[in-house]
Amino acid sequence: MSDDAVPDLRGYEDTDLGVEIPALNRGEAWLVSECAGLQFYAYGRRDDLTGERIMPRLGDRLHLVRDPENPHDANAVGVWWRNAHQIGHLPRYAAAAVAPLLDAGAAARGYVYDEGDGEAWSLRVLVVGAAAEPLYAAHIERVAYRATLPVRNEKRERRLRRRAERFADQLQARRVARVAQAVETLLAVPFEPDLPDVGTEVDVDHVARLLACSRSTVARLAKRAGIVVGRYTWQVPLTPEFDAEIRAWCRAPRSRLDPGSVRAPRIGCEVSHAWD
């Protein structure tokens with residue numbers, strides 16, 4: 001169990017778990033539990049169809065499924081990921097409290113609180129909802145008691161800060177990967193630019209914005225058409241040759257993205273793309 005009245009969800013805002021933050025702040029019941037039996041189920045193995053390793057990520061949605069026919073525990077509650085892979089089950093102490101309420105129709109929404117390292121007992125589950133009420137009430141009593149103690153646990157606070165920083169870095173890396181993948185996909189899509197009429201003057205920077213490329217790329221296309229774009233050149237004629245070079249560039253896949261040019265923001269910032 002966690003030691004806080006509200007679980008520390010710094011770094012989970014952009015995950016499935018993020019939708020629960022307002023409810024938890026309002027005092028909805030919750031519990032954090034280890035996931036038992038990881039070594040006996042699909043956790044850490046390879047999917048037979050996709051070859052992907054079955055490793056739920058931080059904040060991923062999990063599903064709690066009652067298994068009353070389990071020969072080892074009539075209160076058994078299975079933990080499933082993507083509705084396709086059982087990765088484990090709740091420990092007996094947690095299942096004993098949760099199972100009767102699940103059977104009575106109480107809500108229990110599960111999420112990955114710690115994705116683990118592939119070893120047994122390494123993954124932890126956050127359960128939100130009325131089914132967590134008995135363990136939540138006992139936990140709050142312990143929190144209230146500890147609050148009366150004069151000595152603060154500074155070591156634990158440092159550990160929580162390090163964990164939050166680590167999770168934030170992991171999510172940031174995933175944002176960068178998603179942005180890079182999206183940009184790579186768009187770079188391969190041909191399009192027809194909305195250019196002015198041939199024979200008119202065009203602004204070099206306007207063309208760069210229209211094509212979502214750099215000024216140097218526009219200068220390179222102009223050079224192929226026999227037009228020199230200098231450092232202080234702002235307008236050039238849109239000749240038939242220049243128009244043809246631009247349209248040919250737009251119909252062909254652009255150069256691959258430099259991963260180092262992608263900057264995905266921290267939470268609350270606007271996303272900027274590098275298209276050079």
Side-chain angles (χ1 to χ4, degrees), residues 1-4 7-9 11-12 14-21 23-24 28-139 159-160 163-164 166-167 170-171 174:
M1 294 287 288
S2 173
D3 294 332
D4 297 318
D8 184 357
L9 298 183
Y12 291 90
D14 288 349
T15 70
D16 294 342
L17 176 52
V19 301
E20 300 288 356
I21 293 176
L24 291 166
E28 185 159 6
W30 60 275
L31 67 90
V32 173
S33 168
E34 298 83 359
C35 188
L38 297 175
Q39 68 275 29
F40 302 118
Y41 296 98
Y43 178 70
R45 301 179 185 178
R46 297 285 178 182
D47 187 287
D48 293 336
L49 296 178
T50 66
E52 177 187 9
R53 195 177 185 201
I54 302 171
M55 289 285 291
R57 296 185 297 189
L58 295 172
D60 276 2
R61 183 70 189 268
L62 299 172
H63 297 276
L64 305 182
V65 180
R66 279 284 285 117
D67 183 15
E69 303 301 323
N70 188 299
H72 304 290
D73 183 6
N75 290 320
V77 178
V79 178
W80 289 70
W81 181 53
R82 294 181 177 174
N83 286 325
H85 306 290
Q86 182 173 3
I87 59 172
H89 55 265
L90 293 183
R92 284 181 179 269
Y93 81 92
V98 171
L101 294 175
L102 285 178
D103 292 341
R109 303 181 297 279
Y111 301 89
V112 177
Y113 192 62
D114 186 333
E115 60 191 350
D117 56 10
E119 298 298 325
W121 293 94
S122 61
L123 184 141
R124 302 174 75 206
V125 179
L126 172 66
V127 180
V128 182
E133 186 62 47
L135 293 176
Y136 173 71
H139 172 64
R159 185 174 68 250
L160 286 177
R163 185 187 67 183
R166 183 174 69 252
F167 288 176
Q170 291 173 352
L171 289 174
R174 289 169 189 160

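This one's a predicted model, so the numbers in the text were calculated from it and none came from an experiment. Keep in mind that the numbers below use all heavy atoms, side chains included, and drop hydrogens, waters and symmetry copies.
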**Q** Got a second to check how far Ile21's CD1 is from Glu28's CD, nearest 0.5 Å?
**A** 13.5 Å

**Q** Rounded at 0.5 Å granularity, tell me how far CD in Glu34 sits from CG in Leu90.
**A**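 Result: 10.5 Å between the selected atoms.
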
**Q** Met55 and Gly44: which non-hydrogen atoms are nearest, and at how many Å?
**A**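 Of all heavy-atom pairs spanning Met55 and Gly44, the closest is SD-CA, 3.9 Å.
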
**Q** Drop me the distance from Ile87's CD1 to Trp80's CH2, to the nearest 0.5 angstrom.
**A** 10.5 Å

**Q** Please give me the minimum heavy-atom distance between Glu115 and Tyr43, naming the atom from each residue.
**A**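 In terms of heavy atoms, the two residues are closest at O-OH, 2.8 Å.
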
**Q** Walk me through it: do Phe40 and His89 pass the test side-chain contact (heavy atoms from CB on, under 4.5 Å)?
**A** CA-CA 10 Å; Phe40 302 118; His89 55 265; 5.6 Å; no

**Q** Donor-acceptor check, side chain of Ser122 to backbone of Glu119, threshold 3.5 angstrom: yes or no?
**A**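 Yes, Ser122 side chain to Glu119 backbone: donor-acceptor pair under 3.5 Å.
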
**Q** Looking only at heavy atoms, what is the nearest atom pair of Pro56 and Val112, with distance?
**A**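 Minimum heavy-atom separation between Pro56 and Val112: CB-CG2, 3.6 Å.
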
**Q** Is it the case that more than 12 heavy atoms not belonging to Asp117 sit under 6.0 Å from its CG atom?
**A**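 Result for CG/Asp117: enclosed.
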
**Q** I'd like to know whether Leu24 forms a side-chain contact (heavy atoms from CB on, under 4.5 Å) with Leu9, so could you lay out the CA-CA distance, the side-chain angles of the two residues, the decisive distance to 0.1 Å, and finally the verdict.
**A** CA-CA 10 Å; Leu24 291 166; Leu9 298 183; 3.5 Å; yes

**Q** Using 30° and 60° as the class limits, which term best fits the ring planes of Trp30 and His139: parallel, tilted or perpendicular?
**A** perpendicular

**Q** Working to the nearest 0.5 Å, report the span between NE2 of His63 and CZ of Arg82.
**A**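 Result: 11.0 Å between the selected atoms.
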
**Q** How far apart are the C-alpha atoms of Tyr111 and Val32, what are their side-chain angles, what is the distance that settles it, and do they pass the side-chain contact (heavy atoms from CB on, under 4.5 Å) test?
**A** CA-CA 10 Å; Tyr111 301 89; Val32 173; over 6 Å; no

**Q** For Asp73 and Ala95, work out which heavy atoms get closest and say how close.
**A** OD2-CB, 4.3 Å

**Q** Step by step, work out the side-chain contact (heavy atoms from CB on, under 4.5 Å) result for Asp67 and Val77.
**A** CA-CA 6 Å; Asp67 183 15; Val77 178; over 6 Å; no

**Q** To the nearest 0.5 Å, how far apart are CZ in Arg61 and CG in Leu17?
**A**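 It comes to 10.0 Å.
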
**Q** What's the separation between atom CG in Asp8 and atom CZ in Arg159, rounded to the nearest 0.5 Å?
**A** 11.0 Å

**Q** Sub-3.5 Å donor-acceptor pair from the side chain of Tyr12 to the main-chain atoms of Tyr113, do we have one?
**A** yes

**Q** For the residue pair Leu31 and Val98, establish whether any side-chain heavy-atom pair is separated by less than 4.5 Å.
**A**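 Of all side-chain heavy-atom pairs linking Val98 with Leu31, at least one is under 4.5 Å.
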
**Q** Closer than 3.5 angstrom, by distance alone: can the side chain of Asn70 be matched with the main-chain N or O of Ala76 as a donor-acceptor pair?
**A**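 No; zero donor-acceptor contacts below 3.5 Å.
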
**Q** If every non-hydrogen atom of Asp16 is compared with every non-hydrogen atom of Val19, which pair is closest and at what distance?
**A**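 Result for this residue pair: O-CG2, 3.2 Å.
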
**Q** Using every non-hydrogen atom in the two residues, find where Leu38 and Leu123 come nearest and quote the distance to one decimal.
**A** CD1-N, 3.6 Å

